[in-house]
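Submitted below is the structure of interest, expressed as structure tokens.
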Amino acid sequence: ISSEKHFAFIEVRTVTEANNAMTLDGITFYGTPLRVNRPHDYVPPAPDGLAQMVGGGMLPAGMVPAGMAGTNLGTLMASTKKARRVHIGNLPMGVGLTPATLKQFVAQIMQQLALTVKPGDPVIDSFLSGDGKFGFVEMRTVAEANNALAMTGIDCYGRPIRVGRPADYVPLTPDLIQQCEGTGILGTPGDAGVVDFGA
């Protein structure tokens, strides 16, 4: 807890419990609505496809997918973050929107419009500005971040949202694309966990 007692950090037992804790955003604690969000140094876990491959025994011990030799997956996630984030503007105010509900809204629309490239939640993290006018959403794959741009004009509590690249957007370099191949980060056909919905 900070010395001014304005904020605190809490470490939980599992990644799942940390994700679930995001739903506490906005709950009242001693008369004050809490803001629950990721810390600034947050690094997402491995994409679910690779985690399932390793945890499920699909990869022999010590085997590293192509493009990952000598590279930490967390480092790749951090290196590609600016290419996996989208800016969402013109959000409605006064409707109780929180980072958790923004994340849920975007995930639901992505799935309804078939903008996802694999099963599960396409959104890793979300941030909402203090005044609630705009937010940022981090996708699990670069492809889904690209697809999310198609959500511009979608109605959110009576207002058409605007989806675009953040000011700090950085496209992937050819070298970084090569390092990410087979990790599930790119979200392109043939990448880990990607489903060919057209088949």
Side-chain angles (χ1 to χ4, degrees), residues 6-10 12 15-40 42 44-45 47-48 77 80-172 185-188 193-195 197-198:
H6 289 164
F7 65 90
F9 295 98
I10 296 175
V12 295
V15 172
T16 300
E17 289 173 331
N19 291 336
N20 291 343
M22 295 299 104
T23 63
L24 298 175
D25 188 65
I27 69 163
T28 302
F29 183 70
Y30 287 98
T32 302
L34 291 180
R35 292 196 63 188
V36 180
N37 212 336
R38 306 283 189 187
H40 293 296
Y42 168 68
D48 52 6
M77 290 295 284
T80 60
K81 183 173 181 177
K82 291 181 178 180
R84 291 182 294 100
R85 290 170 71 236
V86 293
H87 175 274
I88 302 182
N90 201 39
L91 290 172
M93 294 182 292
V95 295
L97 200 62
T98 66
T101 54
L102 176 62
K103 178 180 184 292
Q104 184 179 13
F105 171 78
V106 170
Q108 183 178 356
I109 296 299
M110 290 279 292
Q111 290 163 353
Q112 287 176 355
L113 298 180
L115 299 176
T116 58
V117 299
K118 51 186 174 181
D121 190 344
V123 182
I124 289 178
D125 196 16
S126 61
F127 166 82
L128 194 62
S129 65
D131 57 12
K133 292 181 180 178
F134 67 89
F136 295 95
V137 174
E138 181 183 351
M139 301 296 178
R140 63 185 167 184
T141 69
V142 175
E144 286 166 325
N146 294 337
N147 293 349
L149 301 177
M151 294 191 303
T152 288
I154 292 292
D155 182 86
C156 180
Y157 295 98
R159 297 189 72 166
I161 61 171
R162 290 193 301 267
V163 184
R165 304 285 190 192
D168 64 353
Y169 168 71
V170 178
L172 300 187
I185 295 174
L186 298 177
T188 49
V194 174
V195 176
F197 292 107

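For the single chain, residues carry numbers from 1 onward in sequence order. The figures that follow rest on heavy atoms only: side chains count, while hydrogens, waters and symmetry mates do not.
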### Task
Report the distance from atom NZ of Lys118 to atom CZ of Arg140, rounding to the nearest 0.5 Å.
5.5 Å
### Query
Any donor and acceptor pair, going by atom type alone, linking the side chain of Thr116 with main-chain N or O of Gln111 inside 3.5 Å?
no
### Query
Does some side-chain heavy atom of Met77 sit less than 4.5 Å from a side-chain heavy atom of Ile124?
yes
### Message
For the NZ atom of Lys133 and the CZ atom of Arg159, what is their distance to the nearest 0.5 Å?
### Response
9.0 Å
### Query
Shortest non-hydrogen contact from Val194 to Thr188?
CG2-O, 3.4 Å
### Query
Taking all atoms of both residues into account, what is the closest heavy-atom pair of Gly132 and Leu91, and its distance?
O-CB, 3.5 Å
### Task
Please tell me if the side chains of Val106 and Val86 come closer than 4.5 Å, counting only heavy atoms from C-beta onward.
no
### Task
Please report the shortest heavy-atom distance between Gly187 and Ala143, naming the atom on each side.
O-CB, 3.5 Å
### Query
What is the ring orientation for Phe136 with His87, classed by angle as parallel under 30°, tilted 30 to 60°, or perpendicular over 60°?
perpendicular
### Query
If you look at every heavy atom in Ile161 and Met151, which pair is closest and at what distance?
CG1-O, 3.7 Å
### Task
For Phe127 and Leu102, work out which heavy atoms get closest and say how close.
O-CD2, 3.9 Å
### Query
Would you say Phe105 and Ile154 make side-chain contact, with heavy atoms under 4.5 Å?
yes
#### Entry: Within 6.0 Å of OH in Tyr169, more than 12 heavy atoms from elsewhere
yes
### Query
What heavy-atom pair brings Val123 and Asp121 nearest, and what distance separates the two atoms?
N-OD1, 2.9 Å
#### Entry: Check: Val117 and Asn147 side chains under 4.5 Å, non-hydrogen atoms
yes
#### Entry: Student check: side-chain heavy atoms of Val142 and Arg84 closer than 4.5 Å
yes
### Query
Atom CD in Gln108, atom OG1 in Thr101: separation rounded to 0.5 Å?
11.5 Å
### Task
Check whether any side-chain heavy atom of Leu149 sits under 4.5 Å from a side-chain heavy atom of Arg165, and report yes or no.
yes
### Message
Using side-chain heavy atoms (C-beta onward) and a distance below 4.5 Å, is Glu144 in contact with Val137?
### Response
no
### Message
When you compare the side chain of Ile88 with that of Arg162, does any pair of heavy atoms fall below 4.5 Å?
### Response
no
### Query
From Phe134 CZ over to Asn90 CG, what is the distance, rounded to the nearest 0.5 angstrom?
13.0 Å
